[in-house]
Amino acid sequence: MSTVYLNGSFVPKDQAKVSVFDHGYLYGDGVFEGIRAYAGRIFRLEEHIDRLYDSAQAICLNVPMTKPEMAEVCAQTCARNGIDDGYIRLVVSRGEGNLGLDPNLAKEPNVVCIASQIQMYPEEFIEKGLRLVTAATRRNYGEVLAPQVKSCNYLPNIMACLEARNAGAHEAICMSREGYLAECTGDNIFLVKDGVLKTPHHGVGILRGITRKAVLEIAAELEIPTEETFLNRWDVYSADEIFVTGTAAELVPVTNVDARTIGNGVQGPMTRRLREAFHRLVRTEGYPIPKPQEAQAI
Ligand code: PMP
């Protein structure tokens, strides 16, 4: 049976339990990360951990360990579950409190790390591409909760996801309050127009995706011109290519938005090139996962 890290111990999956009084459960009060391991190395682990701690800082949540300790938790959780290629979920919730929402009454955060397998989209979608809709639900904006905070409150994203599902689509595109293209419910979005790779500027109010950053770096290396800019629905409909990026989804083409066929209705050439480069990159760097026999007590 798989093993879960819970507050300093590794416990069998069926014993990995937190209180129903945890404010993560009662109020979505917590932060999380989704991280991937490829070929025995955890991709951009330090960046994920930095983002987790920044999110925690933004909600006054004190993560009860150092960043290097957190990195080891991730590596050891993979090692103990025999995960070389897989997905890691890190959650730090406010912890057990009472029925009021005052976070100060929760004294001890709960820290959970799960290492498992994930497949967001079957292989067939790489050629066929995804179908997206633009959602009526807006990306939550900074005056409410900074979109850079990867909090356990994903209800706006879930509302947009429901819109997609109800329309028979795979994913939803959320606009900013001002009507600019922001991102999807669990991924960032890129367009290709006339040879230029475009993605919403972070000032629009998006999660600063680690995959997004990696793709922009790859594009720079390949000397593909890029723009982080302000885009709207028209830019989406008239794009030559579209793809989404995220740790779980990786890099997946989009071939239909709001019933408009994008480009030729199949994966475009720049998407293919970037996708191949991305899959090469993830296998060439990362935080090493120890061999199972080197797994240690934490
Ligand atoms: N936007 C949202 C809302 C997300 O949940 C995610 C997934 N973490 C992303 C974008 C993509 O970010 P990353 O590439 O860091 O996984």
Side-chain angles (χ1 to χ4, degrees), residues 28 30-38 42-56 58 74 86-92 113-116 118-121 130 132 134-135 137-142 144-164 170-177 180-191 197 199-219 228 231 242-252 254 271 274-275 277-279 281-282 285-287:
V31 294
F32 78 103
E33 277 298 319
I35 311 167
R36 256 194 202 261
Y38 295 92
I42 305 175
F43 184 62
R44 306 251 160 132
L45 178 59
E46 290 84 355
E47 285 182 37
H48 281 282
I49 289 179
D50 284 346
R51 189 170 68 183
L52 180 82
Y53 280 67
D54 287 347
S55 295
C74 295
Y87 181 82
I88 302 160
R89 172 59 56 91
L90 260 185
V91 186
V92 185
C113 183
I114 303 166
S116 186
I118 191 173
Q119 190 185 24
M120 277 287 286
Y121 298 112
L130 302 177
L132 267 52
T134 52
T137 309
R138 299 288 160 139
R139 183 63 168 101
N140 62 278
Y141 44 91
V144 180
L145 173 65
Q148 292 87 348
V149 176
K150 197 162 167 58
S151 84
C152 292
N153 188 337
Y154 255 53
L155 267 180
N157 310 51
I158 289 164
M159 296 298 283
C161 180
L162 279 172
E163 289 187 54
H170 301 105
E171 243 293 23
I173 300 175
C174 296
M175 302 292 173
S176 70
R177 188 171 40 157
Y180 293 115
L181 185 63
E183 60 184 334
C184 295
T185 67
D187 324 288
N188 292 113
I189 187 161
F190 283 82
L191 318 180
L197 182 65
T199 195
H201 190 278
H202 61 76
V204 169
I206 57 172
L207 186 79
R208 295 189 188 197
I210 289 162
T211 321
R212 172 184 181 275
K213 181 162 166 275
V215 167
L216 287 170
E217 288 167 11
I218 292 169
E228 289 173 73
L231 300 160
I242 301 181
F243 61 87
V244 296
T245 63
T247 297
E250 300 173 303
L251 196 164
V252 190
V254 172
T271 305
L274 289 167
R275 201 174 167 275
F278 174 74
H279 282 278
L281 172 72
V282 294
E285 60 168 70
Y287 189 97

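Atoms within each ligand, like the ligands themselves, are counted from 1 in listed order.
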Do R89 side-chain atoms and G34 backbone N/O form a donor-acceptor pair below 3.5 Å?
no
Judged by atom type as modelled, is there a donor-acceptor pair below 3.5 Å linking the side chain of N140 to the main-chain atoms of L145?
yes
Residues in salt bridge (charged side-chain N to carboxylate O under 4.0 Å, His left out) contact with E285, at least two apart in sequence or another chain
R44
In terms of side-chain geometry, is the basic nitrogen of R208 or E47 positioned less than 4.0 Å from the acidic oxygen of its partner?
no
Between E250 and T211, a side-chain donor and acceptor under 3.5 Å
no
Check ligand 1 for close polar pairs with the protein: N or O on both sides, less than 3.5 Å.
from: ligand 1; atom 1: 1 (N); to: E183; atom 2: OE1; distance (Å): 2.6
from: ligand 1; atom 1: 5 (O); to: K150; atom 2: NZ; distance (Å): 3.2
from: ligand 1; atom 1: 5 (O); to: Y154; atom 2: OH; distance (Å): 2.4
from: ligand 1; atom 1: 8 (N); to: K150; atom 2: NZ; distance (Å): 2.9
from: ligand 1; atom 1: 14 (O); to: I210; atom 2: N; distance (Å): 3.3
from: ligand 1; atom 1: 14 (O); to: T211; atom 2: N; distance (Å): 2.9
from: ligand 1; atom 1: 14 (O); to: T211; atom 2: OG1; distance (Å): 2.6
from: ligand 1; atom 1: 15 (O); to: R51; atom 2: NH1; distance (Å): 2.9
from: ligand 1; atom 1: 15 (O); to: R51; atom 2: NH2; distance (Å): 3.0
from: ligand 1; atom 1: 15 (O); to: I210; atom 2: N; distance (Å): 2.7
from: ligand 1; atom 1: 16 (O); to: T247; atom 2: N; distance (Å): 2.9
from: ligand 1; atom 1: 16 (O); to: T247; atom 2: OG1; distance (Å): 2.6

Answer yes or no: does atom OH of Y180 have more than 12 heavy-atom neighbours from other residues, nucleotides or ligands under 6.0 Å?
no
